[in-house]
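Shown next, in structure tokens, is the structure this report addresses.
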Amino acid sequence: MSLHKVVANAEEAIKGIQSGQTLLLGGFGLCGIPENCITALVKKGVDQLTCISNNAGVDDFGIGLLLQTKQVKKMIASYVGENDEFERQLLSGELEVELIPQGTLATRCMAAGYGMPAIYTPAGVGTEVADGKEVRNFNGKDYLLEYAFDADYAIVKAWKGDTKGNLIFKDTARNFNPLMAMAGKITIAEVEHLVEAGSLDPNDIHTPGIYVNYIFQGEAYEKRIEKRTVRN
Amino acid sequence: MALTKEQIAKRIAQELQDGFYVNLGIGIPTLVANYIPEGIEVELQSENGLLGMGPFPITGEEDADLINAGKQTITTLAGSVFFDSAMSFGMIRAGKVDLTVLGAMEVADNGDIANWKVPGKMVKGMGGAMDLVASAKNIIVAMQHTDKAGNSKLLKSCSLPITGRACVKKIVSDLGVFDITENGFVCIEHAPGVSIEEIKAKTAGRLSIHASIKEMNV
């Protein structure tokens with residue numbers, strides 16, 4: 001891996017992504033999503049993508065943008081509400097969808113990042129999620145065998161990053177981002193603040209730069225709030 | 001009179017014990033946070049990566065980076081902590097979360113729950129529900145007793161695809177409180193003004209009435 005990880009922008013970061021590849025995309029709802037890279041993917045026009053992400057965005061933001069342009073062949077997610085175009089493509093059969101439990105999604109990323117081929121989880125035992133999967137009993141309880149993801153790219157969003165690719169996430173925008181960063185064969189990180197190596201306290205880093213291939217400072221973050229809720 | 005959603009939440013809050021770590025699902029379960037009894041301290045876990053969830057923010061203090069599992073803006077409290085999604089489900093799977101409260105479309109009298117899919121109609125997904133029901137030590141379901149057409153949602157067996165098997169321990173519906181035992185639903189409390197006859201008529205699964213049934217205190 002090159003130690004020169006800093007690229008100018010999203011277009012440069014995603015230039016190696018080809019049609020038909022599998023992408024892990026960080027974020028929970030619209031929180032902590034790689035906005036700049038999604039916009040660049042729409043512009044680049046690669047299609048037949050398999051996207052693995054907890055959600056599928058909303059109609060006009062997040063992964064929803066890639067659905068509008070029909071660049072996604074298959075979506076692997078845990079929850080896909082709040083997206084009419086997604087539902088339309090799913091019910092019409094245009095889009096292949098695999099719904100998996102959220103903890104299974106996280107743990108399949110974790111396994112990939114830790115170099116483990118598979119994990120056992122109790123989530124989904126006895127449900128249609130278990131169809132065709134190996135079930136094994138440990139200490140009197142059944143577990144499903146679930147495989148580590150095998151994705152060409154991971155695209156994540158962090159709050160701060162340095163020129164060595166070390167990443168720090170903010171609040172609940174952390175979610176799947178550090179796990180996916182570890183799970184990609186090639187990992188692209190977009191950050192709100194890119195700083196020189198040495199300016200971040202090594203104790204504060206969530207994702208070591210060894211997992212990150214390309215890093216850039218994103219522009220004009222919209223950081224849209226999906227369900228603005230206040231108490232007053 | 002059947003209970004309001006707020007009354008269902010208030011009754012569930014009576015199940016909280018001091019020191020509990022609690023995961024509240026979307027809908028009625030979220031309201032439970034408004035009725036935590038005085039003198040009891042619980043920590044709310046949000047599966048998108050937060051322990052120590054605070055109330056909704058005041059206008060102007062919403063932060064796009066700080067949301068709950070229902071994607072609503074929230075706040076933190078003193079001692080809150082953030083973590084990634086694998087650790088979040090790790091603490092759930094490892095049994096560290098004391099109580100999970102979630103909604104349901106159907107519950108069977110053996111504790112099966114269905115709440116993620118209506119084939120051909122609703123395809124939103126299970127989110128974290130399958131992980132939660134597979135691992136939680138104690139699961140309470142907050143639900144309406146019947147659907148909009150008046151059909152019972154407390155059944156002999158679920159007609160919808162299930163989320164988890166034999167996992168629900170207790171239901172608080174708008175009509176009463178039900179333990180789930182080897183003998184099916186056991187009604188231990190009824191809502192004020194709701195008769196045993198009405199509960200029997202609206203429960204399709206095996207039902208017995210506890211000898212010392214009480215009126216719910218809501």
Side-chain angles (χ1 to χ4, degrees), chain A residues 28-32 54-56 77-82 86-87 90-91 97 99-107 109-111 113 121-129 141-144 159 169-179 206 221-232, chain B residues 30 46-50 53-76 80 82-90 92-93 112 114 116-117 119-135 161-167:
Chain A
F28 183 100
L30 302 178
C31 180
N54 189 55
N55 312 91
S78 88
Y79 187 82
V80 294
E82 355 298 349
F86 182 97
E87 199 149 342
L90 170 59
L91 293 171
V97 177
L99 293 169
I100 63 176
Q102 195 175 128
T104 301
L105 179 59
T107 313
C109 293
M110 188 198 78
T121 178
V125 169
T127 76
E128 62 182 52
V129 166
K141 184 169 173 164
D142 284 342
Y143 294 81
L144 297 184
W159 178 40
F169 304 92
K170 183 166 168 286
D171 301 0
T172 55
R174 190 182 316 186
N175 56 64
F176 288 85
N177 281 301
L179 302 162
H206 297 125
Y221 279 103
E222 179 180 340
K223 295 176 72 169
R224 192 185 293 186
I225 292 175
E226 199 166 335
K227 294 186 183 170
R228 187 180 298 272
T229 310
V230 293
R231 66 174 181 267
N232 50 296
Chain B
T30 306
S46 191
E47 66 266 25
N48 57 321
L50 168 61
M53 181 166 59
F56 298 127
I58 56 169
T59 303
E61 292 188 0
E62 310 95 318
D63 181 347
D65 289 329
L66 184 48
I67 62 170
N68 65 16
K71 296 158 194 152
Q72 296 168 304
T73 43
I74 45 148
T75 57
T76 52
S80 291
F82 298 111
F83 34 82
D84 66 52
S85 301
M87 185 177 282
S88 182
F89 285 96
I92 289 165
R93 229 178 275 118
D112 287 357
W116 75 282
K117 184 179 186 182
K121 281 190 189 154
M122 187 204 83
V123 283
K124 292 186 189 304
M126 66 289 280
M130 279 194 185
D131 305 273
L132 282 158
V133 301
S135 298
I162 66 166
T163 311
R165 278 194 313 210
C167 51

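We name chains A, B, ... by the order of the sequence lines, and we start the count at 1 in each one. Just so you know, these numbers come straight off a predicted model, no measurement behind them.
- The contact between Phe89(B) and chain A is made entirely by side chain atoms (from C-beta outward), counting heavy-atom distances below 4.5 Å.
- Across all non-hydrogen atoms, the minimal contact from Glu226(A) to Gly29(A) is OE1-CA, 3.6 Å.
- To the nearest 0.5 Å, atoms CE (Met130(B)) and OG1 (Thr121(A)) are separated by 11.0 Å.
- Per-residue heavy-atom pair counts under 4.5 Å with chain A were compared for Gly127(B), Ala166(B), Ser135(B), and the maximum is reached by Gly127(B).
- Thr73(B) places no side-chain N or O within 3.5 Å of a backbone atom of Arg228(A) that could act as its donor or acceptor partner.
- Only the backbone of Ile100(A) comes within less than 4.5 Å of a heavy atom of chain B; no side-chain atom from C-beta onward does.
- Remark: the backbone N or O of Ala69(B) is paired with a side-chain donor or acceptor of Ser46(B) at under 3.5 angstrom.
- Looking only at heavy-atom pairs under 4.5 Å with chain A, the residue among Val133(B), Leu50(B), Ile58(B) that has the most is Ile58(B).
- A donor-acceptor contact shorter than 3.5 Å is absent between the side chain of Asn48(B) and the backbone of Thr172(A).
- At a 4.5 Å heavy-atom cutoff, the contact between Thr163(B) and chain A is made by backbone atoms alone.
- Contact of Asn177(A) with chain B is not made at all, since no heavy-atom distance falls under 4.5 Å.
- For Asp112(B), no part lies near chain A; criterion is any non-hydrogen pair under 4.5 Å.
- Nearest heavy atoms, Pro101(A) versus Ser78(A): C-CB, 4.1 Å.
- For Ala129(B), no part sits under 4.5 Å from any heavy atom of chain A, backbone or side chain.
- Contact count versus chain B (heavy atoms, under 4.5 Å) is highest, among Lys141(A), His206(A), Arg224(A), Glu128(A), for Glu128(A).
- For Val97(A), no part lies near chain B; criterion is any non-hydrogen pair under 4.5 Å.
- By the side chain to side chain donor-acceptor pair (under 3.5 Å) test, Lys223(A) is found to be paired with Glu192(A), Asp65(B), residues two or more places apart in sequence or in another chain being considered.
- Side-chain polar atoms of Asn175(A) and Ser85(B) form no donor-acceptor pair below 3.5 angstrom.
- Residues meeting the side-chain contact (heavy atoms from CB on, under 4.5 Å) test with Ala86(B), sequence neighbours left out: Ala106(A), Met110(A), Leu179(A), Asp84(B).
- Taking Pro57(B), Ala134(B), Gly49(B), Pro55(B) one by one and counting their heavy-atom pairs under 4.5 Å with chain A, the maximum is reached by Pro57(B).
- When each of Leu99(A), Asp171(A), Leu30(A), Val230(A) is scored by its heavy-atom pairs under 4.5 Å with chain B, the top score falls to Asp171(A).
- Between the side chains of Arg231(A) and Thr75(B), no donor-acceptor pair of N or O atoms lies under 3.5 Å.
- Within the 4.5 angstrom heavy-atom criterion, only side-chain atoms of Asn55(A), from C-beta onward, approach chain B.
- Glu61(B) does not touch chain A: none of its heavy atoms, backbone or side chain, sits under 4.5 Å away.
- Contact count against chain A (heavy-atom pairs under 4.5 Å) is highest for Gly128(B) among Ser80(B), Gly164(B), Gly128(B).
- Using a 4.5 Å cut-off between heavy atoms, Arg174(A) contacts chain B through its side chain alone, with no backbone atom that close.
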